[in-house]
**Q** 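Take this structure first; my questions come after.
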Protein chains: 2
Amino acid sequence: MAGVSEATVSRVLNNVGPIREDTKRKVLEAAEILGYYPNALAQSFARRRSGNLGVILPYVPKVHIFSTYYFSEILNGIGEQVRGLGYDMLLIFRKPGVENGYMDLFRSHKVDACILLGTTDTPAERKALKALEEAGHPFCLVNQHFEGERFLEVDADHEQGAYEAVKHLLEEGYRKIAFLNGPPEYSNSLDRLKGYVRAMSEAGIINPAASLTEAIPPEWLDSGNYSRTSGYEAAKRFFRNKDHIDAVFAANDRMAIGLMQGFRDLGMHPGKDIAIVGCDDSDGARITDPPLTSVSVPFYQMGMMAAKLLLTDSVSEDHPKQDGGTGHQIQMSTKLVVRSSSRGNPA
Amino acid sequence: MAGVSEATVSRVLNNVGPIREDTKRKVLEAAEILGYYPNALAQSFARRRSGNLGVILPYVPKVHIFSTYYFSEILNGIGEQVRGLGYDMLLIFRKPGVENGYMDLFRSHKVDACILLGTTDTPAERKALKALEEAGHPFCLVNQHFEGERFLEVDADHEQGAYEAVKHLLEEGYRKIAFLNGPPEYSNSLDRLKGYVRAMSEAGIINPAASLTEAIPPEWLDSGNYSRTSGYEAAKRFFRNKDHIDAVFAANDRMAIGLMQGFRDLGMHPGKDIAIVGCDDSDGARITDPPLTSVSVPFYQMGMMAAKLLLTDSVSEDHPKQDGGTGHQIQMSTKLVVRSSSRGNPA
């Protein structure tokens, strides 16, 4: 109808290559009249492209994942980038450590690339990720490192973040600093433990030469599952040794807020009787009483970066070396935000 | 290789119809050995199904949409339902009121059905939705009503919610009650205004026979854009008439929290000098000082319901009549949660 070849029609409709303006107009007019509409599914099939960036989210029944600061900020960053690059975002819920069938998503061309959030370092997970890598399917992990692998990862420098948090407490005069860590399957739990040990060793409080179990008094080391409730419960355990503890560093804000509530219910005043520092610098940190000192982690930027790494070829100009990063593994800086929960007068 | 027909292979692999166990085993073993994997894209193409539920989200640059209670709770509900029904969730960002090309998503078979969040009542939006309806593409609106249309909608009873909020303030002894509404393009702004007027009329404070502009003193009616900042700014305007105002009902918690901060910065104590009531009953309402009285809206359930309506045939047994709903338009109940921001001692 436009009097041109099929190839020209295809080039016009896909906006590929140089085409004369009047040819373009003729083709578009004909398409308009005929009601022709490229079927994206057929196009995808031909091109083997879905136009979707997959995002794997951990599925835990009744947990409101979009309402947690950690996930929502990473998703905000991914969403901003994806929108800018003309992709859509396919959210896929998987039970962590149980359902690793990521390969199906690529095999079935539901996604062109995948960001995995909330993965844990288990043998099954490693195996699933290695299979993806071997098949050449592009994927990126956010905030999780798999030691010994060369997976594409966007992580934050949690060791340095923990180091600075504990150093701040030391500078404020606290010495008996306990650490409420997260579960060991998350790489940042080990990172934070390293930072804690480094700061405490430098201050001469623990013996850097001793093994961890010998160096750290057992009443100073505890762990929760990142929930507010687990922080609340930990406060009860710390309270039993309250004479041996004057500050607690928690691996996220939710647990820190739970600690504050738990200590308060036991008659201790957070910020006065005991210092508290969290991680994430979530919205909650600003509105607790007292406001919570916290390690700010650039989750939004990490989400943007992961999407950019997967969907574009160049990121290096935008991402200077000082933030670390070997190409495969990018590590972003954290920043301590000091508020009144850690500015008490330790005895 | 399994010695059976193509149709049988298809039935086994798609798990359709009764098949003898040994036939099934033979087919699956052959598929395993051959590395055969159904290509979901090819399957979708044949069946014209994507297995994706689309969710349209308003795109506003730099606004962290997943971090707002309203959207995150609706998405939590959709996610829970979608996961249960074996669908994935395709998130699509569109500039509200500008980009209405919803039809493309169906034409290109990217989605099987669509939930639209954050839509506004504009002529362009109505036109786009009517086109979808005429083409027979299944879609559902959440928390937005288009008067005069028969679109599938899951809404909350915002009129009753506002009525109960204002009635509570009246019962606490407040009489000079101002209302900070949201933008007029949202149907719930009109709903809440109706509830406010009903409560104030019943109390004999405003004249139900008069027109709105005559009945309500202008210093009692103001509006913001649902942001905390717009609430903060509104506090300054209300403050100029502070002798004529002893309580403010705000159309969401963010604006209510902004109001509290604004009044505090002007030397007034929320909960003492001025009562504040919000809407949404978000996490923020629990942690402000004083805690915020708020109208709880079942956003999570609304998200679940919208997904269920679109992806399954039956919802009526699960959704008893008392929550309203004509089949096309379901209206869920709200509930006032009273906290100390509205329990002062008005003069």
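Bear in mind that the values here come from a model prediction, so they are computed numbers and not experimental data. Convention: sequence-line order gives letters A, B, ...; per-chain numbering from 1.
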**Q** So which bits of residues 281-296 of chain B come within less than 4.5 Å of chain A, counting non-hydrogen atoms only?
**A**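 If one takes a 4.5 Å heavy-atom cut-off, the residues of residues 281-296 of chain B near chain A are B:Ile287.
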**Q** Has B:Arg228 got more than 12 heavy atoms of other residues, nucleotides or ligands less than 6.0 Å from its CZ?
**A**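 Not more than 12 within 6.0 Å, no.
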**Q** What residues form a ring pair (Phe, Tyr, Trp, His ring centres under 6.0 Å) with B:Phe106, not counting sequence neighbours?
**A**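 With neighbours one apart ignored, the set is B:His137.
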**Q** Do you know which of B:Pro61, B:Ser67, B:Gly54 has the most heavy-atom pairs with chain A at a distance under 4.5 angstrom?
**A**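 Heavy-atom pair counts peak at B:Ser67.
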**Q** Cation-pi check for A:Tyr59 against B:Arg83: NZ or CZ below 6.0 Å from the six-membered ring centre and within 45 degrees of the axis, yes or no?
**A**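 Flagged: B:Arg83 positioned over aromatic ring of A:Tyr59.
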**Q** Would you say the side chain of A:Met89 lies within less than 4.5 Å of the side chain of B:Leu90, judging by non-hydrogen atoms?
**A**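 In short, these two side chains do not touch, never coming nearer than 4.5 Å.
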**Q** What distance do B:Ile65 atom CD1 and A:Ser72 atom OG have between them, rounded to the nearest 0.5 Å?
**A**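 Between atom CD1 of B:Ile65 and atom OG of A:Ser72 there are 11.5 Å.
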**Q** Do A:Asp88 and B:Leu91 come close enough that some side-chain heavy atom pair is under 4.5 Å?
**A**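 A:Asp88 does not reach B:Leu91 side chain to side chain.
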**Q** Please enumerate all residues that pass ring pair (Phe, Tyr, Trp, His ring centres under 6.0 Å) together with A:Tyr70, with sequence neighbours excluded.
**A**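 A:Tyr70 satisfies ring pair (Phe, Tyr, Trp, His ring centres under 6.0 Å) with A:Phe299 only.
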**Q** Calculate, to the nearest 0.5 Å, the distance between atoms CZ and CD1 belonging to B:Phe66 and A:Ile78 respectively.
**A**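 Going from CZ on B:Phe66 over to CD1 on A:Ile78, the span is 8.5 Å.
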**Q** Please classify the contact between A:Tyr300 and chain B as side chain, backbone, both or neither, with a heavy-atom cut-off of under 4.5 Å.
**A**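 The side chain, not the backbone.
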**Q** Could you tell me which residues satisfy ring pair (Phe, Tyr, Trp, His ring centres under 6.0 Å) with B:Tyr232, sequence neighbours excluded, listed by chain and number?
**A**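 None.
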